[in-house]
Amino acid sequence: MRKKREIIIPDITPLIDVVFILLIFFIVSSVFKKNEFALVLNLPTSSAKEIELKQKEIIIEINSKKIAFMGKEITLNELEKQLFEINEKDKMIIFKIDKEVQYKHIVDVLDILQKNQLFNISLVTEKKNN
């Protein structure tokens, strides 16, 4: 008489355990992209149309006490050094200014932009509710 062959079914419980452990590992160890804007700003409102932000733009933020360049807080002198190192003079400058900022601070930054021949400036505002 021939012996009947037993069907071997692998136990998948350890496989499921390993998959869940890997899933938890990747969730815990992932780094999520933070908001590119470093300062909390109270922007003025405008009815101008929106523009689409791209990765290649230079972002400058100003509030009443601080300046941020590309998401990092810096001083006015450091900003001047950063802008001096820019080779592509036609890059768009995204300029976010808190509405409580003194006019002198805005003029100081605009002066630095002009010294470095960076003229492609776009001011960011809140959308006006009609």
Side-chain angles (χ1 to χ4, degrees):
M1 248 179 119
R2 279 185 144 181
K3 290 185 181 178
K4 243 183 174 183
R5 285 177 64 166
E6 255 186 64
I7 298 175
I8 302 174
I9 300 174
D11 187 20
I12 62 168
T13 306
L15 177 65
I16 293 172
D17 290 345
V18 169
V19 168
F20 279 123
I21 289 172
L22 285 173
L23 180 67
I24 291 170
F25 170 77
F26 286 118
I27 289 173
V28 170
S29 65
S30 1
V31 176
F32 297 101
K33 187 176 180 183
K34 292 182 180 177
N35 192 353
E36 293 180 17
F37 304 116
L39 304 179
V40 176
L41 302 174
N42 185 13
L43 298 173
T45 58
S46 170
S47 57
K49 68 177 185 173
E50 290 184 34
I51 61 166
E52 215 173 287
L53 292 178
K54 299 175 186 165
Q55 293 292 354
K56 296 182 180 180
E57 281 119 7
I58 298 165
I59 300 170
I60 299 173
E61 303 166 81
I62 303 175
N63 70 12
S64 58
K65 298 176 185 168
K66 300 175 187 172
I67 298 174
F69 177 77
M70 300 299 286
K72 296 181 182 178
E73 290 182 28
I74 59 173
T75 65
L76 199 59
N77 290 334
E78 290 170 337
L79 177 66
E80 190 165 6
K81 290 175 189 172
Q82 292 285 337
L83 294 175
F84 179 76
E85 294 173 2
I86 296 172
N87 295 326
E88 298 175 46
K89 301 298 182 186
D90 60 337
K91 274 191 173 182
M92 181 174 284
I93 310 292
I94 304 296
F95 208 28
K96 292 183 73 177
I97 308 166
D98 191 279
K99 62 182 172 183
E100 304 299 323
V101 173
Q102 291 182 359
Y103 189 63
K104 183 193 178 329
H105 296 305
I106 298 168
V107 171
D108 290 342
V109 174
L110 289 172
D111 186 41
I112 293 170
L113 290 168
Q114 185 177 11
K115 281 183 196 175
N116 291 290
Q117 299 175 349
L118 297 165
F119 302 113
N120 193 5
I121 300 170
S122 179
L123 297 175
V124 177
T125 60
E126 293 283 327
K127 190 171 184 178
K128 188 180 270 186
N129 295 330
N130 292 331

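Quick caveat: nothing in here was measured; it's all calculated off a predicted structure. Numbering starts at 1 and runs along the sequence shown.
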Donor on one side chain, acceptor on other, T75 and N77, under 3.5 Å:
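On atom types as modelled, these side chains do not qualify, holding no pair under 3.5 Å.
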
Just wondering, are more than 12 heavy atoms of other shown residues or ligands nearer than 6.0 Å to [atom1] in [X]?
| X | atom1 | answer |
| --- | --- | --- |
| L22 | CG | yes |
| Y103 | OH | no |
| E78 | CD | yes |
| K99 | NZ | yes |
| K104 | NZ | no |

Between [atom1] on residue [X] and [atom2] on residue [Y], distance to nearest 0.5 Å:
| X | Y | atom1 | atom2 | value |
| --- | --- | --- | --- | --- |
| I86 | N116 | CD1 | CG | 7.5 Å |
| I106 | D111 | CD1 | CG | 13.5 Å |
| L118 | L113 | CG | CG | 6.0 Å |
| I67 | E73 | CD1 | CD | 10.5 Å |
| M70 | E57 | CE | CD | 9.0 Å |
| D98 | K66 | CG | NZ | 12.0 Å |

In terms of hydrophobic clusters joined by side-chain contacts under 4.5 Å, are [X] and [Y] together?
| X | Y | result |
| --- | --- | --- |
| I16 | I27 | yes |
| L23 | I12 | yes |
| V18 | F26 | yes |

Derivation and outcome, side chain to side chain contact (heavy atoms under 4.5 Å, CB included), residues I112 and F84:
CA-CA 9 Å; I112 293 170; F84 179 76; over 6 Å; no

Taking all non-hydrogen atoms of both residues, which atom of M92 and which atom of S122 are closest, and how far apart?
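Residues M92 and S122, closest heavy atoms: SD-CB, 4.0 Å.
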
Restricting to non-hydrogen atoms, name the atom on N63 and the atom on V101 that form the minimum distance, rounded to 0.1 Å.
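Answer, listing the atom of N63 first, then V101: C-CG2, 3.4 Å.
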
Are side-chain heavy atoms of F95 and I62 found at a separation under 4.5 Å?
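Yes; the side chains approach each other to less than 4.5 Å.
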
Let's go through L76 and V109 carefully: what are the C-alpha distance in whole Å and the side-chain angles of both, what is the deciding distance for side chain to side chain contact (heavy atoms under 4.5 Å, CB included) to 0.1 Å, and is it a yes or a no?
CA-CA 8 Å; L76 199 59; V109 174; 3.9 Å; yes

